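Quick caveat, the model's predicted, so the values are computed rather than measured. We count ligands from 1, going down the list as the structure has it; atoms in each ligand are counted the same way.
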Amino acid sequence: MNIAMIGTGYVGLVSGVCFAEFGFQVTCVDKDPEIVERLSREETTIFEPGLELLLSRNVRESRLTFTTDIAEAVGSADVVFIAVGTPSRRGGGEADLSYIMAAADEIAAVMQPGQVIAIKSTVEVGTNEVVRDRIRAARPGVPFSMVSNPEFLREGSAIEDFMRPDRVVIGAEDDHGREIMRRVYRPLFLRDTPMVSTTLANAELIKYASNAFLAVKVSFINQIADLCEKVGGDVQDVARAMGMDGRIGAKFLHPGPGFGGSCFPKDTRALASIGRKRGARQLLVEAAENLNEARKLDMAERILTQLRAEGGDTVAILGVAFKPNTDDIREAPSLTIIGKLIEAGVKVKAHDPEAMEAARKLLPGVDWCRSAWDAVSGAHVTVLVTEWNAYRALDLRRVSALMAGTTMIDMRNVYSPAEIAGTGLSYHSIGRASIQG
Ligand SMILES: NC(=O)c1ccc[n+]([C@@H]2O[C@H](COP(=O)([O-])OP(=O)(O)OC[C@H]3O[C@@H](n4cnc5c(N)ncnc54)[C@H](O)[C@@H]3O)[C@@H](O)[C@H]2O)c1
């Protein structure tokens with residue numbers, strides 16, 4: 001089985017590496033020559049736990065190659081995956097499908113009869129049919145199968161998610177497409193992974209509905225956290241007990257500074273936009289989107305309030321990636337929060353174990369620090385934004401001693417009140433009572 005992967009970003013690279021690990025012959029294509037060059041010499045282009053090892057092994061064992069030449073990859077492929085980006089269109093919520101259409105045109109020019117073309121990118125309902133018709137028009141009479149195969153991996157645990165997904169969704173129109181996809185995912189079915197075989201449109205909808213549902217869940221618990229703060233509740237207890245209910249589930253019930261990343265914000269916007277366009281408004285999703293934007297601004301405001309109370313001008317930010325174990329900062333809450341602080345004239349010192357290189361370009365004016373200790377030194381307020389393991393067991397007495405002020409804002413509820421006692425810190429978290437040092 002030969003696989004071509006068009007687009008070698010987070011999804012394309014992880015999928016390509018994992019398919020090669022299954023034993024398939026995989027050629028990954030990217031239009032960015034630097035990405036292709038680095039990956040060819042076994043250098044990872046993204047931070048993802050476990051990726052480096054699998055990349056090296058499969059390149060060395062000649063199951064995985066990288067190229068900028070789409071003809072080289074598509075020529076001998078049984079299945080061609082499209083894993084290019086579908087960012088939000090500028091000024092509107094809908095997904096920008098121009099990369100998908102460009103990839104489709106490039107594939108059409110070099111495809112062979114009988115190939116399966118599978119869109120892995122997250123795309124608007126109807127896109128697979130549009131791409132199918134576009135390729136048919138470009139290559140009349142050349143048979144191929146169109147398949148929608150949305151991806152559900154999470155950054156930070158992408159390899160594990162790809163290898164052990166909750167389900168594989170295959171939207172197909174013919175038996176050939178379904179059969180080839182069954183063969184591609186056979187190693188997972190041997191591990192009893194359920195496969196949902198459905199239509200192209202359903203597969204597209206399943207992906208958006210899943211992401212939007214999780215985003216709504218996050219916004220819901222954030223609102224409950226706000227209420228807890230007003231009525232003297234503790235959102236940790238509330239969320240834990242809610243999560244024990246099998247109908248609700250414990251995942252994505254963690255209050256925080258708002259959701260971010262390359263998927264939730266753009267996918268909720270896209271689903272809301274599809275709903276408006278098609279006459280079925282997704283009001284819950286629209287509310288989650290609006291609440292999330294407001295939440296990031298509220299977080300910045302909380303920091304400014306504490307800074308004023310301290311009478312200081314320096315804030316330490318711990319963590320800028322949108323979540324731990326990734327260097328991805330796309331739509332990370334930290335971008336809005338730090339942007340607002342800089343706008344207000346605050347001196348921002350920041351640290352992140354992996355994401356500083358990416359963040360540096362987007363956040364001019366920040367003093368990037370070599371360690372968490374450097375960041376908190378001289379700060380009036382310390383803010384824990386991303387719950388990296390490295391920040392989970394900080395010596396809080398040392399934090400307090402290094403700071404110029406005494407306020408810590410823990411936006412991920414990493415610490416418990418018992419751990420704060422005696423450190424001299426005034427501690428503010430999410431959905432719980434504050435502790436005055
Ligand atoms: N990142 C995630 O966690 C995740 C999870 C599930 C689904 N998705 C979806 O998967 C898709 C890809 O997301 P991503 O985060 O991997 O994107 P990305 O931006 O990291 O990578 C896209 C890559 O495609 C390349 N590319 C664009 N056009 C190309 C072309 N014509 N030929 C060859 N290469 C081309 C770009 O150079 C880039 O390297 C999106 O639709 C996204 O919504 C992402």
Is it possible for you to check whether Arg182 lies under 6.0 Å from the centre of the six-membered ring of Phe189, through NZ or CZ, and within 45° of that ring's axis? no
Any idea which atoms of ligand 1 are less than 4.0 Å away from a heavy-atom of [X]?
X      : result
Ile35  : 39 (O)
Arg330 : 15 (O), 17 (O), 18 (P), 19 (O), 20 (O)
Ile6   : 32 (N), 33 (C)
Ser262 : 1 (N), 2 (C)
Glu155 : 1 (N), 2 (C), 3 (O)

Tell me the protein heavy atom at minimum distance from [atom], and give that distance in Å.
atom                    : result
atom 21 (O) of ligand 1 : Gly9 CA, 3.2 Å
atom 33 (C) of ligand 1 : Lys31 N, 3.4 Å
atom 44 (C) of ligand 1 : Val11 CG2, 3.2 Å
atom 25 (C) of ligand 1 : Asp30 OD2, 3.2 Å
atom 5 (C) of ligand 1  : Leu153 O, 3.5 Å
atom 9 (C) of ligand 1  : Thr122 OG1, 3.5 Å

I'd like to know if [X] pairs up with [Y] as an ion pair, taking the criterion as any Lys NZ or Arg NE/NH1/NH2 lying under 4.0 Å from an Asp or Glu carboxylate oxygen.
X      : Y      : answer
Arg134 : Asp105 : yes
Lys277 : Glu124 : yes
Lys296 : Glu293 : yes
Arg281 : Glu286 : yes
Lys266 : Glu331 : no
Arg240 : Asp237 : no

Mind running side chain to side chain donor-acceptor pair (under 3.5 Å) on Glu37 and Ser40 for me, showing each step along the way? CA-CA 5 Å; Glu37 196 264 317; Ser40 299; over 6 Å; no
If you measure every N or O of [X] against every N or O of ligand 1, does any of those distances drop under 3.5 Å?
X      : result
Tyr10  : yes
Gly85  : no
Thr86  : yes
Glu151 : no
Lys120 : no

Could you go through Asp226 and Arg302, starting from their C-alpha distance and side-chain angles, then the distance that decides it, and tell me whether this counts as salt bridge (charged side-chain N to carboxylate O under 4.0 Å, His left out)? CA-CA 12 Å; Asp226 285 348; Arg302 288 183 190 207; 3.4 Å; yes
Among [options], which one puts a heavy atom closest to [atom]?
atom                    : options                      : result
atom 31 (N) of ligand 1 : Met5, Lys207, Glu106, Lys266 : Glu106
atom 26 (N) of ligand 1 : Val84, Ile82, Ile119, Asp105 : Val84
atom 24 (O) of ligand 1 : Ala104, Gly7, Pro33          : Gly7

Distance-minimising heavy-atom pair for Val235 and Arg432: N-CG, 4.4 Å
Could you establish whether Ala102 and ligand 1 come within less than 4.0 Å of each other, counting only heavy atoms on the residue side? no
Could you tell me if any non-hydrogen atom of Arg154 lies under 4.0 Å from any atom of ligand 1? no
Strictly by modelled atom types, are Thr67 and Asp69 linked by a side-chain donor-acceptor pair under 3.5 Å? no
Would you call the rings of Phe264 and Phe259 parallel, tilted or perpendicular, taking 30° and 60° as the class edges? perpendicular
When the ring planes of Phe19 and Phe81 are compared, do they come out parallel, tilted or perpendicular, using 30° and 60° as the limits? parallel
Ligand 1 versus Cys263: contacting region, heavy-atom distance under 4.0 Å: side chain
